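Since the structure comes first, as structure tokens, the remarks are kept for the end.
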There are 2 protein chains.
Amino acid sequence: MTAWDGPLAGHTTLPVVGQAPAERADAARNRRALLAAAHVLMVQCGVQALSMDRVAAEAGVGVGTVYRRFGDRAGLAYALLDEEERDFQEAFLCGPPPLGPGAPAAARIRAFLHTYLDRLESEAELHALAETRSPTARHGSGAYRTARTHLVTLLTQAGAGADGAYLADALLALVSAGLFLHQRRELGYTADRVKAGLDRLLAGVLPEAVGARDHGDS
Amino acid sequence: MTAWDGPLAGHTTLPVVGQAPAERADAARNRRALLAAAHVLMVQCGVQALSMDRVAAEAGVGVGTVYRRFGDRAGLAYALLDEEERDFQEAFLCGPPPLGPGAPAAARIRAFLHTYLDRLESEAELHALAETRSPTARHGSGAYRTARTHLVTLLTQAGAGADGAYLADALLALVSAGLFLHQRRELGYTADRVKAGLDRLLAGVLPEAVGARDHGDS
DNA sequence: ACTCTAATCGGAGTCAATTCCGTTTACAAG
DNA sequence: CTTGTAAACGGAATTGACTCCGATTAGAGT
């Protein structure tokens, strides 16, 4: 009902105090085998072909094992996105500006959202799958909470005024995989058009100017 | 892959030219029986208990019949919301201001979104179910397209400037059932806080003031 | 009333997610 | 090396969405 909290679930979340019980050797092996199998399946047959049975068979383990490792289908999707997710987190937490510290908060917010869209660009299907757990699923994931916290901080710094918490969720709603796919595939928007629309909204919310230089697009 | 287009699928959509082949008597009877059964099940056991098999059994028909009528689970959810949806459409298309014609476009947009939230308030679970078809499902439904078109019109009238189309989807993303449930249940926001946040964003996007009187809240 | 045809039915069948639980195994302690 | 136990395993069983298709039947035409 909430985010998967099984073995090594914390990967994508900020490090916690007490260290986890340490993964057993066979478990680690199976995790690797499963992720590899899933990745191959995805590349060869598309995200849609990522069925738990299929992945298990391909990796040569029982289905039960897939569930113990990843909790459910969405959990598997999150795991497949984990490496990229960690790079992203590192980038906005301590990478170079404008995504990381050093740039004005408003610019960082913009960079954050644009980068988020870039990530959707390359793995939209997988992100969509990850958001599929339940209607509210997305909001419970570690990745979401981290992003949300980050935005709340930046919004406060940027002087967005009242209810930064609301605003953070609102901004993240604008970069959901579902909406993104709708815009890019059904409506045929270009990536730049989506970013421009986002900037427009941002400009209405943040006091300082949001235009000007960024991290390489639009 | 797209919205269900079976018998009487157009209910919730704007009226079309050629009239549908007219529903057969037995089909109509079963539709009523199914909706009644579904409603009872929902009231007694919650939305989660709305399984196609269960509804079919309760109504005394075969599962195949449920699928012919509603296409899929989400379609059944839409059907259950249909009456309310039609009232809503009538209200914003030709009802009294500020929702209907007569009020300034900006005020109508605000009223539209607030009313949308009020609807979520009473049937969030069902709306969430209806949005569950697939990640992009929501955006393909007749109800969504109608709302979207309406917003685009109003945004243009309100002088929202560039890319009203983007803005329409963005605003609708802020009133998705998933986000709403997250805000109300997980974060514990009050309905007014959600509306206030929305107003805040609206104020940044629409030229004219958005404050002042409305249709009875906040 | 009879016939024809398309719309409807029903429910067994298929497919994939998720759960359960008895069995096996890694590995830390003795 | 032996043992004890928590963790991991596998895969049958369950569940529910959705598909298929042969059997029925409403209702227009005659």
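Sequence lines set the chain letters: A, B, ... in the order given, protein chains first and strands last, and positions in each chain run from 1. Note that the coordinates shown come from a computational prediction; the quantities given were computed from them, not determined experimentally.
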| said: So that I can tick it off, tell me whether A/Glu23 and A/Arg69 are bridged by a salt bridge, with the cut-off set at under 4.0 angstrom between side-chain N and carboxylate O. | reply: yes
| request: Answer yes or no: is there an ion pair linking B/Asp82 with B/Arg86, defined by an N-O contact shorter than 4.0 Å? | output: yes
| field | Pi-cation contact, B/Tyr116 with B/Arg119 (under 6.0 Å, within 45°) | value |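 Geometry flag: set, cation within 6.0 Å and 45°.
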| task | Indicate whether OP1 or OP2 belonging to C/dC9 is found under 4.0 Å from a side-chain N or O atom of B/Asn30. | result |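 Checking B/Asn30 against C/dC9: at least one side-chain N or O falls below 4.0 Å of OP1 or OP2.
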| query | Can you tell me if the side-chain N/O atoms of A/Arg31 get under 4.0 Å from OP1 or OP2 in D/dA8? | reply | no
| said: Strictly distance-based, threshold 3.5 Å: is any side-chain N or O of B/Arg184 a donor or acceptor partner for the main-chain N or O of B/Ala124? | reply: no
| query | Is it true that a side-chain atom of A/Arg108 and a backbone atom of A/Gly100 form a donor plus acceptor pair closer than 3.5 Å? | reply |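 Such a contact is found between A/Arg108 side chain and A/Gly100 backbone.
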| Separation of C/dG10 P from B/Arg69 CZ (nearest whole Å) |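 Those two atoms, CZ and P, are 11 Å apart.
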| note | Nucleotide by nucleotide, nucleotides 15-30 of chain C touches protein heavy atoms under 4.0 Å in the pattern (B base, S sugar-phosphate only, - none) -SSBB-----BSS---
